[in-house]
K.L.:
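First the structure, then my questions, so here it is.
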Amino acid sequence: MTDATDTRTTDSTAGDGLTAQYHPGEVEQRRYESWVRGGYFEADPASDKPPFTIVIPPPNVTGSLHMGHAFEHTLMDALNRRRRMQGYEALWLPGMDHAGIATQNVVERQLAAQGLSRHDLGREKFVEKVWQWKAESGGAILGQMRRLGDAVAWSRERFTMDDGLSRAVQTIFKRLYDDELIYRANRIINWCPRCLTALSDIEVEHSDDDGELVSIRYGDGDHAIVVATTRAETMLGDTAVAVHPDDERYRHLIGTEVELPLTGRRIPIVADEHVDPEFGTGAVKVTPAHDPNDFEIGQRHNLPSLTIMDERAVVTVPGPFEGLDRYEARPAVVAALREAGRIVAEKRPYQHSVGHCARCKTTVEPRLSLQWFVRTGPLAKAAGDAVRDGRVAIEPADMAKRYFAWVDNMHDWCISRQLWWGHRIPVWYGPAGEMVCVGPDDEAPSGDGWHQDEDVLDTWFSSALWPFSTLGWPEQTPDLAKFYPTSVLVTGYDILFFWVARMMMFGLYAMDGRQPFDVIALHGMVRDEHGKKMSKSFGNVVDPLDWMDRFGADATRFTLARGANPGSDVPVSEEWCQGSRNFCNKLWNATRFALMNGATVAGELPPSDELSVVDRWILSRLQHVTAEVDEQFEHYEFAKVCEALYHFAWDEVCDWYVELSKPVLSGGGPAAERTRRVLGHVLDRLLRLLHPVIPFVTEELWIALTGGETVMRAPWPVAEDGRIDDDAEEELLALQKVVTEVRRFRADQGLRPTQRVSAALTGLGNVGIDGHETLIRSLSRLDPPAADFTATATLAVTGGIAVDLDTRGTIDVAAERARLAKDRAAAEKEAAQCRAKLDNDAFVAKAPEPVVAKIRDRLSAAEADLARIAASLEALPTS
RNA sequence: GGGCGCGUAGCUCAGUGGGAGAGCACUCGCCUUACAAGCGAGGGGUCGCAGGUUCGAAACCUGCCGCGCCCA
């Protein structure tokens, strides 16, 4: 360098081919393509390696990658990549579900833009149209998964509507039907008047909404009874009033009839245990066709069910309210009742729980209709038992409580949907009322009067088969033999009921009691930096694609994995993602430094007795970290994996090992050779350990460092106990203490970092680091004592080490006094705490001996510190 | 209404019986030949409140307060 041009921040490469900063955009796509080309993601059922299988929770074909996917995929990818490195035949199987309602809605909206409805096209043409839509615009998420780095076996991509999976659906439907675990019944179900379909219980979201509570008097005089309702319009369909059998207020009315206002109908007053006498007046109106609880009461008392609304929730009762929808009918009915002098009280607003369609948020209308159901009793029992008896583990284990609460109280599952997009129910009805369930290899009945059920199955019905339908079931394929049961299911705790319990039920049933997965690893929800749920209306949604653009896929992944404590929600913020980007850059530069200094992985790692204490120390630390990371991975403790590696890489390798190695490397000779080999080894292992979480940057660096083909095929590191060296760790700890103490003195004295100071070190031999005086001087920028050396300050470090410094007479006495006073206060506090414990006879008598001994040691250390500090203070000029 | 969970530094979170931790933020000093996306040093907490168990409690028990989620 011949002039003053500052090259520090430019991106010049320094002979090693690496730029001064990591640019993920230049690496990621290229690396992903090379992985796919290399076939590294694929899995072979003929392999004799042990299998490791994850099936992807199939994203919705209409969806795109949001932060929740990015999170979940990061975890799965990390598990999968590690297992592959460990020598498993690892399969991560991708695919999507057909998302009945959502997809139909998308295509219907497109049609609506042309002024068409699906009915204009007819069923067959409409379904064709949906397939066409899927081919053209479906599955955007698959491309986004590539950007994230998902190591999925693309050759096995599956879709719930594919032929094979459809065959699986029909097969299990028939089997369940024949076993009487599927039945058709007239029941009250959740109905969406906008989607015009039935919904299962869990597709209904409840929220506390403002409504009204209207109290209405039925009957007259001493034969009157007041009921309160939030849905006045349903009184048109009332067929009884119910009271609690023990309620003294109404005992005389039980068994009698009252006149239902506006209708002239007379309805009975019945006694039912399920009425809460504390709520309202203790009397409830009963509308069996429009309320699930009322339906139950109706069943128990043989009451008629009057359906008063059509599928769009429009009143169909002849009279003044006919043709009004439920929200128009409500005030109209209340007005008419008021007119008739029937309203006793009105409360507005009145907050109460209201169910909404999970897909479109429309208020659900309970509706009596003929639907198909899965009888969940025996299936749910088996699903619960598989966890209870330990065949399936839920991680974290606490979450099993939620699972049991669900499977042990499961209602029958309404599986029919009044849609066209989905698996059509394989049941045919005959002219004489016949009903025939048709298996995949059966001939469907044909001829006059035969027709197939119009409805399709709930999307979750096919998703419930996912862990085995994707492997070829019902055929007995090599894949199924090799890769089932899957190893671990990674999913959010919010989906435990929707999907996990259903896969368990169907998996155990279809696979003769063999569970669909060995472990259910649950994660939480991604939230914003203040722990708030991300929502469009709140404006706090973060787009993972945006982060990947700006900080890289690795930084995005590391941010998510680093926050991943099992079962807990993950807050994320842009600042943290920046921090992750910085970490990737740190690794980049550490490797760059290593390459510039000839780090290598060639040849055997020298035996420990040929290595310096610094080399032995970092190798020892590496073993501890390797063991720790391995252990934490086994327990899905991704945050702890990341924490351990971040700390090791940054604080130990970069801040200490690299700095300590600089003088050795520049010194040349065999010592430098050995350190080059150790540095190469440590980075090689570090990059391997990090690869599952941050695959791109580690691949780029590992190849540059080792010249290998891909880190994906490098064996997963195993801790070598023989390299653990407690003495080396102790010595380094002492060395770090000395250096830190000198740096602290320098900072307190306001000495510039570049200013070298003469110093004499004594007592290093006390802790066995007398051989490292040069290193200590280099890190703390101390020169050997000159001829005219005069100590102006003395630092006393624990362990009897003293550093005499010659600051040319200009030491800041006040600053030094303050520093020592602070040290003394800390030591005094420590000594006092220890003394208090030791003075307590009960403590000495009852606490375990090692604990007592430790406190004694701490006390004597604190006392020694106090003595040294006092001496230092004494030695200060009194000015 | 029923159930589950949480409350630890300014923020977000680890820590489950024996020295209160991390990341970020903050303060001070630095372009120090890998990295300013950096380096060195530092400040900051009655561990929600009140009782109890224990030689010893952030952790275990009870109650209360506050917050969240699921179910009805």
Side-chain angles (χ1 to χ4, degrees), chain A residues 1 6-9 14 16 18-22 201-202 204-206 276 278-279 292-293 353 355 398-399 401-402 405-406 409 493-494 496-497 524-525 527-533 551 555 559 562-563 565 567-576 578-597 637 639-640 642-643 646-647 650-651 654-655 658-659 662 666 739-755 779-781 819 822 829-830 833-834 836-837 840-848 850-852 854-855 857-858 862:
Chain A
M1 212 185 301
D6 181 3
T7 57
R8 190 177 47 79
T9 55
D16 47 71
L18 299 186
T19 55
Q21 285 187 339
Y22 173 52
D201 292 347
I202 54 181
V204 177
E205 292 171 355
H206 293 267
D276 177 8
E278 305 291 317
F279 180 77
N293 293 322
S353 180
D398 289 352
M399 288 279 179
K401 275 183 285 191
R402 283 182 186 228
W406 176 252
N409 298 289
Y493 59 69
D494 58 324
L496 202 52
F497 318 130
M525 308 294 108
R527 293 171 173 271
D528 77 4
E529 61 201 287
H530 297 294
K532 284 217 164 56
K533 212 177 207 161
F551 307 118
T559 304
R562 197 183 190 185
N565 292 113
S568 303
D569 290 344
V570 197
V572 295
S573 88
E574 187 170 318
E575 283 178 352
W576 304 337
Q578 261 173 39
S580 301
R581 187 263 322 255
N582 296 354
F583 178 57
C584 293
N585 192 52
K586 190 73 178 173
L587 293 170
W588 180 266
N589 273 292
T591 308
R592 185 163 161 252
F593 168 86
L595 290 171
M596 288 166 68
N597 286 279
E637 295 273 9
K640 293 191 171 75
C642 292
E643 168 64 24
Y646 183 94
H647 176 257
W650 204 312
D651 299 345
C654 292
D655 287 350
V658 165
E659 294 306 321
K662 279 176 181 172
S666 61
V739 171
T740 301
E741 200 56 34
V742 175
R743 285 172 175 172
R744 196 172 147 229
F745 171 83
R746 296 179 60 116
D748 287 341
Q749 286 292 316
L751 297 175
R752 302 178 71 79
T754 42
Q755 187 178 339
L779 289 184
S780 46
R781 291 168 187 277
R819 192 174 72 88
K822 205 175 77 186
K829 190 177 165 195
E830 168 79 353
Q833 278 175 353
C834 294
K837 288 196 178 202
N840 180 351
D841 295 338
F843 172 74
V844 179
K846 295 194 178 180
V851 173
V852 179
K854 198 169 157 191
I855 297 293
D857 289 349
R858 277 171 54 190

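Because only heavy atoms are used, hydrogens play no part in the values below, and waters and symmetry mates are left out as well, while side chains stay in. Here is how names work: the chains are called A, B, and so on, in the same order as the sequence lines, proteins then strands, and each is numbered from 1.
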K.L.:
Contact class for A/Asp494 vs. all strands (heavy atom < 4.0 Å): base, sugar-phosphate, or nothing?
P.N.:
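Answer is nothing: A/Asp494 stays at 4.0 Å or more from every strand.
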
K.L.:
Across the strands shown, which category fits A/Pro848 at heavy-atom distances under 4.0 angstrom: base, sugar-phosphate, nothing?
P.N.:
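Contact class for A/Pro848: base.
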
K.L.:
When you measure from the side-chain N and O atoms of A/Tyr493 to the phosphate of B/G68, is any distance below 4.0 Å, counting only OP1 and OP2?
P.N.:
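Checking B/G68 against A/Tyr493, no side-chain N or O comes under 4.0 Å of OP1 or OP2.
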
K.L.:
Taking CZ from A/Arg562 and C1' from B/A22, how many angstroms apart are they, rounded to a whole number?
P.N.:
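The answer, rounded to whole Å, is 8 Å.
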
K.L.:
Please work out if A/Ala847 contacts a base, only the sugar-phosphate, or nothing of the nucleic acid, heavy-atom cut-off 4.0 Å.
P.N.:
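Base contact.
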
K.L.:
Mind checking who B/G2 pairs with, Watson-Crick or G-U wobble, both distances under 3.5 Å?
P.N.:
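Matched B/G2 with B/C70 under the 3.5 Å cut-off.
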
K.L.:
Please figure out whether A/His206 or A/Gly750 has its closest RNA chain B nucleotide nearer the 5' end.
P.N.:
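Looking at the nearest nucleotide for each, A/Gly750 comes out on the 5' side.
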
K.L.:
Can you tell me how the ring of A/Trp650 sits relative to the ring of A/Phe583, calling it parallel under 30°, perpendicular over 60° and tilted otherwise?
P.N.:
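Answer is parallel, since the angle falls under 30°.
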
K.L.:
Reckon A/Lys662 has a side-chain N or O less than 4.0 Å from the OP1 or OP2 of B/A34?
P.N.:
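A/Lys662 to B/A34 OP1/OP2: side-chain N or O found under 4.0 Å.
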
K.L.:
Given the P atoms of B/G40 and B/A34, what is the spacing between them in whole Å?
P.N.:
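It comes out at 14 Å once rounded to the nearest Å.
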
K.L.:
In whole angstrom, give the distance that lies between atom NZ of A/Lys846 and atom C1' of B/U54.
P.N.:
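In whole Å, B/U54 C1' and A/Lys846 NZ are 8 Å from each other.
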
K.L.:
When you get a sec, tell me which of B/A34, B/U12, B/A41 is the closest nucleotide to the side chain of A/Thr740?
P.N.:
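So the nucleotide nearest the side chain must be B/A41.
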
K.L.:
From the options B/A14, B/C30, B/C69, select the nucleotide whose nearest atom is closest to the side chain of A/Ser568.
P.N.:
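When the side chain of A/Ser568 is considered, B/A14 is the closest of B/A14, B/C30, B/C69.
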
K.L.:
What interatomic distance, in whole Å, is found between C1' of B/C11 and the corresponding atom of B/G44?
P.N.:
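Nearest-Å result for B/G44 against B/C11 at atom C1': 13 Å.
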
K.L.:
Rounding to a whole Å, what distance do you find between A/Gln749:CD and B/A41:P?
P.N.:
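About 16 Å, once rounded to whole Å.
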
K.L.:
What is the distance, to the nearest angstrom, from the CG atom on A/Asn589 to the P atom on B/U33?
P.N.:
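For the pair A/Asn589 CG and B/U33 P, the rounded distance is 14 Å.
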
K.L.:
Counting heavy atoms from C-beta on, name the nucleotide in B/C31, B/A34, B/U12 closest to the side chain of A/His530.
P.N.:
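Out of B/C31, B/A34, B/U12, the nucleotide with an atom closest to A/His530's side chain is B/U12.
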
K.L.:
Given the C1' atoms of B/G19 and B/G29, what is the spacing between them in whole Å?
P.N.:
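The same atom, C1', in both gives a distance of 31 Å.
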
K.L.:
Taking the same atom, C1', in B/G51 and in B/C65, what whole-Å distance lies between them?
P.N.:
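Taking atom C1' in both B/G51 and B/C65, they lie 15 Å apart.
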
K.L.:
So, the side chain of A/Asn589 versus the backbone of A/Gln21: is there a donor-acceptor pair under 3.5 Å, distance only?
P.N.:
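Judged by distance alone, no pair lies under 3.5 Å.
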
K.L.:
Mind checking A/Val658 for me? I need base, sugar-phosphate or nothing, with any heavy atom below 4.0 Å counting as a touch.
P.N.:
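Counting heavy atoms under 4.0 Å across all strands, the contact made by A/Val658 includes a base.
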
K.L.:
Check this one for me: any side-chain N or O of A/Arg581 less than 4.0 Å away from OP1 or OP2 of B/A37?
P.N.:
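No, because none of the side-chain N or O atoms of A/Arg581 sits under 4.0 Å from OP1 or OP2 of B/A37.
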
K.L.:
Among B/C55, B/G19, B/C24, which nucleotide has an atom closest to any side-chain atom of A/Asn840?
P.N.:
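The answer is B/C55.
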
K.L.:
Going by modelled atom types, is there a donor-acceptor pair between the base of B/C4 and the side chain of A/Lys401 at under 3.5 Å?
P.N.:
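There is none.
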
K.L.:
Quick one: do A/Lys640 and A/Glu643 make a salt bridge, cutoff under 4.0 Å?
P.N.:
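Salt bridge flag = no for A/Glu643 with A/Lys640.
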
K.L.:
Under the 3.5 Å rule, do the base of B/G40 and the side chain of A/Arg743 count as making a donor-acceptor pair?
P.N.:
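No pair found.
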
K.L.:
Without decimals, in angstroms, what is the distance between A/Met525 CE and B/G5 P?
P.N.:
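Between P of B/G5 and CE of A/Met525: 17 Å.
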
K.L.:
Starting at atom CD of A/Glu659, determine the distance to atom P of B/C30, rounded to an integer number of angstrom.
P.N.:
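Value for this atom pair: 19 Å.
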
K.L.:
With both distances kept under 3.5 Å, what pairs with B/U33, Watson-Crick or G-U wobble?
P.N.:
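Paired with B/U33, as far as the under-3.5 Å criterion goes, is no nucleotide at all.
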
K.L.:
Once hydrogens and angles are ignored, does a donor-acceptor distance under 3.5 Å link the base of B/A22 to the side chain of A/Glu643?
P.N.:
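Checked by distance alone, the answer is no.
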
K.L.:
Pairing check on B/G17: which nucleotide meets the Watson-Crick or G-U wobble criteria with it, both distances under 3.5 Å?
P.N.:
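In the structure as shown, B/G17 has no Watson-Crick or wobble partner.
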
K.L.:
How is A/Asp569 classified with respect to the nucleic acid when contacts are heavy atoms under 4.0 Å: base, sugar-phosphate, or nothing?
P.N.:
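No contact at all - A/Asp569 keeps every heavy atom at 4.0 Å or more from the nucleic acid.
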
K.L.:
Is there a donor-acceptor pair under 3.5 Å between the side chain of A/Asn585 and the backbone N or O of A/Arg581?
P.N.:
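Here the side-chain-to-backbone pair does not exist.
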
K.L.:
In terms of the nearest nucleotide of RNA chain B, which residue is placed more toward the 5' end: A/Glu830 or A/Ser353?
P.N.:
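Mapping each residue to its closest nucleotide by heavy atoms, the 5'-most match is A/Glu830.
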
K.L.:
Quick check for you: among B/C13, B/G18, B/C35, whose closest atom lies nearest to any side-chain atom of A/Lys586?
P.N.:
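The answer is B/C35, which lies nearest to the side chain.
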
K.L.:
Please tell me which of the listed nucleotides, B/C35, B/A14, B/C55, lies nearest to the side chain of A/Lys640?
P.N.:
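Given the options B/C35, B/A14, B/C55, the side chain of A/Lys640 is closest to B/A14.
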
K.L.:
Would you sort out whether A/Phe843 and A/Val851 count as a side-chain contact (heavy atoms from CB on, under 4.5 Å), showing the intermediate values?
P.N.:
CA-CA 10 Å; A/Phe843 172 74; A/Val851 173; 4.1 Å; yes

K.L.:
Quick one: closest heavy-atom pair of A/Gly563 and A/Ala639, and the distance?
P.N.:
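Where A/Gly563 meets A/Ala639 most closely, the heavy atoms are C-CB, 4.3 Å.
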
K.L.:
Does a side-chain N or O from A/Lys822 land closer than 4.0 Å to OP1 or OP2 of B/G43, or not?
P.N.:
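The answer is yes; a side-chain N or O of A/Lys822 sits under 4.0 Å from OP1 or OP2.
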
K.L.:
With a 3.5 angstrom cut-off on both distances, give the Watson-Crick or G-U wobble partner of B/U27, or none if there isn't one.
P.N.:
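When the pairing criteria are applied, B/A41 turns out to be the nucleotide that pairs with B/U27.
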
K.L.:
Should the side chain of A/Arg744 and the base of B/A41 be counted as holding a donor-acceptor pair, with the cut-off at 3.5 Å?
P.N.:
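Side chain to base: no pair present.
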
K.L.:
Give the nucleotide from the list B/C70, B/C11, B/G19 with an atom nearest to the side chain of A/Lys533.
P.N.:
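Closest nucleotide among those given: B/C70.
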
K.L.:
Mind checking A/Phe583 for me? I need base, sugar-phosphate or nothing, with any heavy atom below 4.0 Å counting as a touch.
P.N.:
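Counting heavy atoms under 4.0 Å across all strands, no contact is made by A/Phe583.
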
K.L.:
Using the P atom on both, measure B/A22 against B/A57 and round to a whole Å.
P.N.:
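Nearest-Å result for B/A22 against B/A57 at atom P: 24 Å.
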
K.L.:
Does any nucleotide pair with B/A50 by Watson-Crick or G-U wobble geometry, both distances under 3.5 Å, and what is it?
P.N.:
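Looking at the geometry, B/A50 pairs with B/U62.
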
K.L.:
Would you please test A/Glu637 and A/Asn565 for side-chain contact (heavy atoms from CB on, under 4.5 Å) and show each step?
P.N.:
CA-CA 6 Å; A/Glu637 295 273 9; A/Asn565 292 113; 4.2 Å; yes

K.L.:
Go ahead and name the base partner of B/A22; Watson-Crick or wobble counts if both distances stay under 3.5 Å, otherwise write none.
P.N.:
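Partner of B/A22: B/U12.
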
K.L.:
Side-chain N or O of A/Arg746 versus OP1/OP2 of B/C28: is the shortest distance under 4.0 Å?
P.N.:
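A/Arg746 to B/C28 OP1/OP2: no side-chain N or O under 4.0 Å.
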
K.L.:
Looking at A/Arg819 and A/Glu741, is any side-chain nitrogen of the basic one under 4.0 Å from a carboxylate oxygen of the acidic one?
P.N.:
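Salt bridge present between A/Glu741 and A/Arg819.
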
K.L.:
Over how many whole Å does the gap from A/Glu529 atom CD to B/C24 atom P extend?
P.N.:
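After rounding, the reported distance stands at 15 Å.
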
K.L.:
Expressed in angstrom and rounded to an integer, what is the separation of A/Asn582 atom CG from B/C24 atom P?
P.N.:
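Rounding to the nearest Å, CG of A/Asn582 and P of B/C24 are 8 Å apart.
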
K.L.:
Answer with base, sugar-phosphate or nothing: what part of the nucleic acid does A/Cys654 contact at a heavy-atom distance below 4.0 Å?
P.N.:
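Answer is base: heavy atoms of A/Cys654 come under 4.0 Å of a base.
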
K.L.:
Considering only atom C1', compute the distance from B/G38 to B/A50 and round it to an integer number of Å.
P.N.:
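About 49 Å, rounded to a whole number of Å.
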
K.L.:
Between B/G23 and B/A9, how far apart are the two C1' atoms, rounded to whole Å?
P.N.:
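That atom pair is separated by 12 Å.
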
K.L.:
Would A/Trp406 and A/Leu496 satisfy side-chain contact (heavy atoms from CB on, under 4.5 Å), going step by step from the backbone distance to the final call?
P.N.:
CA-CA 9 Å; A/Trp406 176 252; A/Leu496 202 52; over 6 Å; no

K.L.:
Roughly how many Å apart are B/U12 and B/G68, using the P atom of each and rounding to a whole number?
P.N.:
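Rounded to whole Å, the distance is 14 Å.
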
K.L.:
Counting side-chain heavy atoms from CB outward, which of B/C69, B/U12, B/C39 is closest to A/Trp650?
P.N.:
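Minimum distance to the A/Trp650 side chain belongs to B/C39.
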
K.L.:
Main chain of A/Gln755, side chain of A/Arg746: is a donor-acceptor contact present, judged purely on distance under 3.5 Å?
P.N.:
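Answer holds: yes.
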
K.L.:
Of the nucleotides B/G19, B/G23, B/A34, which has the atom closest to the A/Phe593 side chain?
P.N.:
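Shortest atom-to-atom distance from the side chain points to B/A34.
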
